[in-house]
Amino acid sequence: MSDSDAAGPSLWGGRFSEPTDAFVQAFTASVGFDHRLYRHDIAGSRAHARMLARVGVLNDAECERIVEGLDAIEADIEAGRFSWSVGLEDVHMNIEQALTAAIGDTGKKLHTGRSRNDQIATDMRLYLRDAIDHLNGEFDRLGRGLLDLAARHADAVMPGFTHLQPAQPVTFGHHMLAWFEMLLRDAGRLQDCRKRVNVMPLGAAALAGTPYPIDRRITAELLGFEAIAENSLDAVSDRDFAIEFCAWAATTMTHLSRMSEELVLWTSPAFGFVELPDRFCTGSSIMPQKKNPDVPELVRGKTGRVNGHLMGLLTLMKGQPLAYNKDNQEDKEPLFDTVDTLAGSLRAFADMVPAIAIRPENMAAHARQGFATATDLADYLVRRGVAFRDAHEVVGRSVRHAIERGCDLPDLPLDELQQFSEAIEADVYEVLTLEGSVASRDHPGGTAPEQVRLAAERGRDRLTAVTGGPHAAP
Ligand code: ARG
């Protein structure tokens with residue numbers, strides 16, 4: 001990137017009597033980060049030129065020259081042949097200046113009937129729409145990975161927790177489906193956000209609209225926008241589409257972070273429930289035995305920056321009067337970083353999830369240690385006519401007895417269990433096993449293996465209904 005070219009960009013320098021201070025030029029420039037919008041900026045310019053030709057503001061030859069010039073600039077940027085100049089402030093003026101340098105005075109006509117204010121708002125929306133479509137594809141991949149994992153381990157029993165204390169047995173598949181539900185809602189929210197992103201600001205010009213006979217529907221159709229912004233002041237000043245996206249991102253990261261936290265716990269030898277393949281872990285430079293779950297740890301950690309970006313954008317907007325203010329230039333870095341962080345985190349999870357191996361023996365051993373079938377004993381007593389509160393008391397005393405004996409509930413001989421209630425008979429052992437416990441929760445939403453298999457099957461169609469399916473990603 002070159003430092004400075006002109007004394008104040010020739011694109012707006014007319015009314016100035018001295019050049020911009022060199023530091024101010026660098027301080028106010030955005031090209032260092034907004035050059036990343038070049039594809040969307042060029043797409044917007046092409047569509048704008050075509051629309052201007054259709055309504056007769058440009059003639060066909062001028063339009064063709066502009067479009068060909070823009071194509072060549074895009075090819076140069078992609079080939080790394082384009083040199084960005086801080087002196088030209090932002091992506092828009094860099095490209096416009098290059099166009100005029102390449103095709104001559106016709107290039108100066110491109111900016112007719114628009115402003116950088118509606119231009120940047122359009123670029124951001126086009127950029128975010130592409131990002132959303134990419135993230136949607138990652139959701140589809142991750143969701144299918146979770147459904148496969150759930151179906152594969154529909155029978156594996158692990159402790160379900162409340163307060164991180166073993167509470168009741170659940171199947172590992174059921175737990176994976178809980179993750180799936182969180183992410184399916186996130187995928188749905190992302191599609192909802194896309195509708196409000198996919199609205200076209202172009203035509204608002206600086207703030208009030210433009211006196212040229214523009215036809216915004218043509219531009220919108222060329223760019224694939226579903227609607228045009230209805231109010232020019234709102235069109236150039238609104239950034240709530242970015243806030244909404246970042247709120248979505250913070251919610252999704254919060255879910256990924258909770259999943260990460262569980263993976264970190266479960267991979268610790270203290271739990272030993274799952275194993276991540278070596279390629280998703282790193283070692284320690286000092287402790288040779290270590291295998292660290294860096295990927296989930298990092299995803300958990302990155303949640304902080306995404307939450308921060310949401311706060312940043314909310315704060316950026318809260319004091320702005322209508323319409324466009326330069327403050328808005330500060331929306332880009334948080335938004336880009338949010339997109340990058342989500343793309344990386346979803347990709348890491350989508351790659352990692354299918355490779356998660358489980359250790360069913362350790363899960364079952366933990367479930368047994370924690371008296372996870374105690375509620376099943378209470379329910380058994382209730383089925384035999386004992387009031388629930390009394391049953392709770394009976395089970396509590398049975399658990400205390402088992403603790404004193406150093407064993408689990410199903411290890412207690414029948415006569416010892418019967419000391420606590422006459423309602424207990426030999427068939428009690430059927431409900432005290434982990435398998436019996438999970439099998440009894442046999443309704444939609446319950447943890448019975450058969451229900452998990454059915455729910456995983458339904459999940460495929462539910463996911464397709466939101467993401468468009470595995471092949472919908474661009
Ligand atoms: N770099 C600016 C931004 O990101 C582009 C719009 C500039 N408009 C203006 N009137 N200075 O918001």
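Each ligand, and each atom within it, is numbered from 1 in the order the structure gives.
- The shortest N or O to N or O distance between R239 and ligand 1 is not under 3.5 Å.
- The shortest contact between atom 11 (N) of ligand 1 and any protein heavy atom is with R116 NH2, 3.5 Å.
- Between F273 and F161, the ring planes lie parallel to each other; the angle is under 30°, not in the 30° to 60° tilted range.
- Ranking protein heavy atoms by distance to atom 7 (C) of ligand 1, first place goes to Y324 OH, 3.6 Å.
- For atom 1 (N) of ligand 1, the nearest non-hydrogen atom of the protein is Q329 OE1, 2.8 Å.
- The backbone N or O of G44 sits nowhere less than 3.5 Å from a side-chain atom of H48 that would complete a donor-acceptor pair.
- The aromatic rings of W179 and H175 lie perpendicular to each other, with more than 60° between the two planes, well past the 30° mark.
- Which parts of ligand 1 touch D90 is read off a 4.0 Å heavy-atom cut-off, strictly below it: atoms 1 (N), 5 (C).
- Of the heavy atoms in Q119, none comes closer than 4.0 Å to ligand 1.
- In terms of protein heavy-atom proximity, atom 8 (N) of ligand 1 is closest to N117 OD1, 2.9 Å.
- Considering backbone and side-chain atoms together, K332 places an N or O closer than 3.5 Å to an N or O of ligand 1.
- Counting only N and O atoms by type, the side chains of D41 and Q119 include a donor and acceptor under 3.5 Å apart.
- The residues R196 and D240 are annotated as not salt-bridged, no charged nitrogen and carboxylate oxygen being separated by less than 4.0 angstrom.
- The 12-atom threshold is not exceeded at CZ of R54, counting heavy atoms of other residues, nucleotides or ligands nearer than 6.0 Å.
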